[in-house]
There are 2 protein chains.
Amino acid sequence: MAFLRVDPSGGEPVFQQIVDHVKREIATGRLHPEDRLPSVRDLAKELVINPNTIARAYQVLEAEGVTYSRRGAGTFIAATKPVVKGEERRRRFREAIEAALADAFHLGLSEEEARKAFDAAMKRFRLVEER
Amino acid sequence: MAFLRVDPSGGEPVFQQIVDHVKREIATGRLHPEDRLPSVRDLAKELVINPNTIARAYQVLEAEGVTYSRRGAGTFIAATKPVVKGEERRRRFREAIEAALADAFHLGLSEEEARKAFDAAMKRFRLVEER
DNA sequence: TTGACTGTACTAGTTTACCTAGTACAATTG
DNA sequence: CAATTGTACTAGGTAAACTAGTACAGTCAA
């Protein structure tokens, strides 16, 4: 079973697709703290892309505090902890939601459809407090 | 008053920023059908960017059915009508929401904060049926 | 200790998207 | 008719993304 798929042609950079995928796997509970990601070389071979591209994705993940890497050992999921906080995180989320709704308007989505989709997503993503 | 602001340095292409801005202005009711957008040259001068970039943004908007353009006359907001429908539009919206929630998870956003932000956005965007 | 595996760090080059610059043309408007 | 509009070209610059290859240093198990 493939760890993930990437689309080299599409608009989004491959390394970003990998970053987003890992984040989503964590948020939906399919990846847990201390889980090990495939090695840079293994994943590169599986996805048929350059190892440098995988390395870059892993470096971004580590820079954001999502994972931690150790030479010779591998890359692992970090214990989740909010790095960004308060005003900043609310602003970022608001912008993402507004962009989605602006698109939805032009797609002809109804209010009911929007709420349904949001509720369904909330269930799948473990958006619960843990302090 | 400036029609909009663009950030040439930021990650998102300038032409895309213009497209998104116009869509949002419509979705929030600040632009209405038959309203005229600034001319390619005027807006280029105001934003201090190349007219070709504005032209490209307007062409994208027209291709998506958001506006219509007439030589010598200008570019106008089209009567809103869903071009994409049913399954496709739900899928697109779901993906946007899930991406926002996956990020929210790693930002440490609580379920309550997420719901508040969503409700607030729903109010601002006129996501209501009109048939 | 050895050897295989890991992440990391370089250099070099290609490709593509985005943007700028300039010119020209066709359709609309007053 | 004259001014304004969107549109269509060509040409070139810049930066990001990706590939390719090599090398190095830390980890781990045999």
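To find a chain, count down the sequence lines: A is the first, B the second, and so on, and within it residues start at 1.
- A salt bridge does not link B/E87 with B/R91: every distance from a Lys NZ or Arg NE/NH1/NH2 to an Asp or Glu carboxylate oxygen is 4.0 Å or more.
- Salt bridge absent: B/E112 and B/R115 never bring a charged side-chain N and a carboxylate O closer than 4.0 Å.
- A/R92 and A/E95 are not joined by a salt bridge, as no carboxylate oxygen comes within less than 4.0 angstrom of a charged side-chain nitrogen.
- Atom-to-atom, CG of A/L61 to P of C/dG7 comes out at 12 Å; the value is rounded to the nearest Å.
- A single hydrophobic cluster is not seen to contain both A/V66 and A/F76; linkage of ILVMFWY side chains at heavy-atom distances under 4.5 Å, directly or through other members, places them apart.
- If you measure from atom CD of A/Q59 to atom C1' of D/dC18, you get 14 Å, rounded to the nearest angstrom.
- Put simply, CD on A/E62 is 14 Å from C1' on D/dG26, counting in whole angstrom units.
- Contact annotation: B/S69 side-chain N/O to D/dG6 OP1/OP2 distance is not under 4.0 Å.
- Remark: aromatic rings of A/F118 and B/F118 are close, center separation under 6.0 Å.
- Residue B/S39 places at least one side-chain N or O under 4.0 Å from the OP1 or OP2 atom of D/dT5.
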- prompt: Just by protein heavy atoms under 4.0 Å, how would nucleotides 18-30 of chain C read 5' to 3' in B, S and -?
  reply: SSBBB-B-BBBS-
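- Both B/V60 and B/V40 belong to a common hydrophobic cluster when Ile, Leu, Val, Met, Phe, Trp and Tyr are linked at side-chain heavy-atom distances under 4.5 angstrom.
- Rounded to a whole Å, the CG atom of A/D7 is 14 Å from the C1' atom of D/dC18.
- In this structure, the CZ atom of A/R36 is 11 Å from the P atom of D/dC28, given to the nearest Å.
- For the pair A/I54 CD1 and C/dT6 P, the interatomic distance rounds to 13 Å; values are reported in whole Å.
- Rounded to a whole Å, the CZ atom of A/F76 is 11 Å from the P atom of C/dT6.
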